[in-house]
Amino acid sequence: MTISRPRGTRDFLPEDTRCRRNVENILRRVVRNWGFQEIITPTFESLELFTMKSGEGIVGELYNFTDKGDREMTLRPELTAPVMRMYVNEMQARQRPLKLFYFENCFRYERPQKGRFREFWQFGVELIGSDKADADAEVIALASEMLKAVGIRGDLHVNHLGVIRHLLSVLETEQQSRIMRLVDKKEYQALEDYLAEMNAPSDLRMKLIELIDLTGNDAIEKARMLVGDIPELAAYQELLTLLDTYRVEYTIDFGIARGLDYYTGMVFEVYAEGLGAQKQVCGGGSYQLIKLFGGGDVPSTGFGLGFDRIMEVCTIEPEEAKPVVIIAMESTRLEAVKTAMQLRPHVPVHIDLMKRNFKAQLSYANYLEAGYAVIIGDKEAAAGKVMLKDMQSGEQELLTVEEVIRKLRV
RNA sequence: GCCGGGGUAGGGUAGCGGUUAUCCUGUGGCCCUGUGGAGGCUACGAUUCGAGUUCGAUUCUCGAUCCCGGCCCCA
């Protein structure tokens with residue numbers, strides 16, 4: 001009877017872990033070079049933090065629990081809300097903009113499928129304090145740069161919700177939300193039915209249906225013909241001009257909505273090939289959440305990268321230093337330990353821990369894909385030297401440990 | 001929550017009503033305490049779980065569970 005790993009979780013073997021850490025470090029390097037700072041928030045939070053943001057409906061998809069003090073808690077399902085909470089709790093007095101990032105595991109009680117797990121990792125960025133196009137553009141460009149750095153060619157779709165919201169501003173808030181959700185899900189038939197049912201002005205109906213279908217290079221011009229010279233369209237254009245300057249490749253897509261009320265301006269999504277139904281690897285936008293959590297009226301913009309999905313399509317291989325394996329006799333075991341300690345500041349070193357014979361040790365070195373074997377027998381020990389064997393060529397030479405170190409550094 | 005396809009040693013597999021459950025690989029030991037990738041010998045190791053049908057189930061039926069894919073959802 002063995003205990004199996006919980007559903008929707010994964011064990012990462014050494015080879016997997018090496019790849020993941022490698023990609024993670026590349027992403028970290030890029031985001032740091034853009035001036036963002038890493039933060040860590042708790043693995044669990046008050047349940048209320050997430051119901052406040054996303055509604056009571058999400059509880060069914062949470063790993064929530066009551067703790068021993070009768071508090072309603074949950075493992076975090078995402079990190080935007082925790083970061084906003086952290087900001088409200090202890091960073092409001094800092095000068096803006098704040099440029100933060102995180103790389104953490106999240107938990108959702110959902111049915112696992114390709115690219116979807118119950119424990120998954122998100123790499124995210126939040127830029128707090130600016131609602132300018134410059135901030136939006138920096139965030140999109142950074143996302144694009146990060147994906148490029150790990151060799152992923154994504155399809156980036158961008159939109160500015162100001163335009164559609166301007167169009168809908170004559171409607172009630174409730175109606176606007178419902179429409180945004182339908183647009184997000186691309187349920188265009190249901191959308192038309194709803195518009196008919198609520199007796200929306202026919203002018204608005206026509207414009208809306210046409211607007212959300214606009215994509216591609218001339219979409220802005222077409223939108224201008226539909227809605228006129230509104231300031232939201234000018235803001236959208238400003239963003240696109242910046243993106244062009246960043247040399248980001250994008251597709252204008254008035255159909256991207258994100259069905260949540262706190263998305264107000266820029267929104268974007270990135271899709272990658274080869275992921276089946278879960279092809280979105282990145283999603284983000286500018287939003288207003290801080291007020292909801294009891295802070296000031298501070299605008300933010302950010303995105304989350306689905307790290308597991310990135311790993312699914314990412315093919316970059318980490319390079320690793322080939323280890324050195326010390327091969328010793330029963331009589332020179334202690335010499336092997338001393339030599340290992342001298343070499344370990346420079347390379348990964350293995351010594352025999354199984355009391356194996358000479359041949360088996362060499363065979364093990366071969367299995368470990370060692371670059372070199374360092375052989376220490378009675379003869380070498382007596383001479384105060386070691387035999388350095390190149391495992392590739394098979395050549396070997398008698399050297400002092402210092403000479404070995406010098407040689408390994410080359 | 002719903003719909004498909006699956007589950008045999010650590011990995012990959014054969015058997016499809018009665019087998020000592022097949023083979024490959026792996027791992028440990030030995031051949032072999034001074035030179036690796038090979039070989040030989042040997043040991044280890046599996047029918048996902050539960051119920052039913054049957055004289056007898058790895059094999060058939062049902063349920064559960066887990067895996068793979070899809071729907072819903074996706075903050």
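Scope of the values below: all heavy atoms of this structure, side chains included, with no hydrogens, waters or symmetry mates. Below, chains carry the letters A, B, ... as their sequence lines are ordered, and counting in each starts from 1.
No side-chain N or O of A/Y372 forms a donor-acceptor pair with one of A/K322 less than 3.5 Å apart.
A/K359 has no side-chain polar atom (N or O) that falls below the 4.0 Å cut-off from OP1 or OP2 of B/G37. Close to B/C67, at under 4.0 Å from its OP1 or OP2, lies a side-chain N or O of A/R7. Contact annotation: A/R108 does not reach the phosphate of B/C74 (side-chain N/O to OP1 or OP2, under 4.0 Å).
Rounded to a whole angstrom, the distance from the C1' atom of B/C41 to that of B/G50 is 42 Å. Distance check on atom P: B/G17 versus B/U59 gives 11 Å, rounded to whole Å. B/A21 and B/G26: their P atoms are spaced 24 Å apart (whole Å). Spacing of C1' atoms, B/C24 relative to B/A51, comes out at 36 Å, to the nearest Å. When the C1' atom is used for both B/G5 and B/U19, the distance is 29 Å, rounded to whole Å. Rounded to whole Å, the P atom of B/U48 lies 16 Å from the corresponding atom of B/G15. Here the separation of B/C62 from B/U27, taken at their P atoms, is 41 Å to the nearest Å. Taking the C1' atom of each, B/C60 and B/U54 are spaced 10 Å apart, rounded to whole Å.
Distance, A/Q113 CD to B/G5 C1': 15 Å, rounded to whole Å. The CZ-P distance, from A/R356 to B/U27, rounds to 10 Å in whole Å. Between A/F107 atom CZ and B/C74 atom C1' the separation is 18 Å, expressed in whole Å. Going from atom CD of A/E78 over to atom C1' of B/C74 covers 11 Å, rounded to whole Å. Rounded to an integer number of Å, the gap from A/E187 CD to B/C71 P is 14 Å. The distance between atom OH of A/Y364 and atom C1' of B/G28, rounded to the nearest whole Å, is 14 Å. If you measure from atom CD of A/E45 to atom C1' of B/A75, you get 14 Å, rounded to the nearest angstrom. The CZ-C1' distance, from A/F358 to B/G34, rounds to 4 Å in whole Å.
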**Message:** Determine whether A/R76 and A/N105 satisfy the following criterion, side chain to side chain donor-acceptor pair (under 3.5 Å), listing intermediate values before the conclusion.
**Reply:** CA-CA 8 Å; A/R76 60 180 169 219; A/N105 51 350; 2.8 Å; yes
**Asked** Yes or no on side chain to side chain contact (heavy atoms under 4.5 Å, CB included) for A/L195 and A/L208, after CA distance, side-chain angles and deciding distance?
**Response** CA-CA 10 Å; A/L195 290 169; A/L208 179 64; 3.8 Å; yes
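Contact annotation for A/K389: base contact, defined as any heavy-atom pair under 4.0 Å involving a base atom. The residue A/I375 sits close to a base: some heavy atom pair falls under 4.0 Å. Residue A/Q396 is in base contact, counting any heavy-atom pair closer than 4.0 Å across all strands shown. Across all strands, A/N366 comes closer than 4.0 Å to base atoms (heavy-atom distances). A/G284 comes within 4.0 angstrom of no nucleic acid atom, judged by non-hydrogen atoms across all strands. No contact: A/G60 has no heavy atom under 4.0 Å from any strand. Across all strands shown, A/Y262 has heavy atoms under 4.0 Å from sugar-phosphate atoms exclusively, and none from any base.
Under the Watson-Crick and G-U wobble criteria, each requiring two contacts below 3.5 Å, nucleotide B/C30 is paired to B/G40. Base-pair partner of B/A9: not found among the strands shown (Watson-Crick or G-U wobble, both distances under 3.5 Å). In this entry B/G45 has no Watson-Crick or G-U wobble partner, no candidate having both defining distances under 3.5 Å. With a 3.5 Å ceiling on both atom-pair distances, B/U22 lacks any Watson-Crick or G-U wobble partner. Partner assigned to B/G1 is B/C71, using Watson-Crick or G-U wobble distances below 3.5 angstrom. Across all strands shown, nothing is found opposite B/C16 as a Watson-Crick or G-U wobble partner with both distances under 3.5 Å. Using N1 to N3 plus N6-O4 or O6-N4 for Watson-Crick, or N1-O2 and O6-N3 for G-U wobble, each under 3.5 Å, B/U61 pairs with B/A51.
Of the residues near RNA chain B, A/R5 and A/E61, the one whose nearest nucleotide (by heavy atom distance) lies more toward the 5' end is A/R5. Nearer to the 5' terminus of RNA chain B, by closest-nucleotide assignment, is the contact made by A/M391 (compared with the other of A/M391 and A/Q280).
Judged purely by atom type and a 3.5 angstrom limit, A/Q361 uses its side chain to pair as donor or acceptor with the backbone of A/A328. Checked by atom type and distance alone, the side chain of A/S54 never pairs as donor or acceptor with a backbone atom of A/T51 at under 3.5 Å.
The side chain of A/L62 lies closest to B/A75 when the candidates are B/C74, B/G34, B/A75. Considering only side-chain atoms of A/M387, the nucleotide from B/U35, B/G36, B/A75 that sits closest is B/U35. Among the nucleotides B/U27, B/U35, B/G28, the one closest to the side chain of A/M354 is B/G28.
One can find a donor-acceptor pair under 3.5 Å joining the base of B/G34 and the side-chain atoms of A/E380. You won't find any donor-acceptor pair under 3.5 Å spanning the side chain of A/R111 and the base of B/C73, going by distance alone.
In this structure, A/I230 and A/V227 approach most closely via the heavy-atom pair CG2-O, 3.6 Å.
A heavy-atom distance below 4.5 Å is found between the side chains of A/I316 and A/V150.
Residue A/F307 forms a ring-ring contact (aromatic ring centres under 6.0 Å, His included) with just one option from A/W121, A/F117, A/F123, A/F103, and that option is A/F103.
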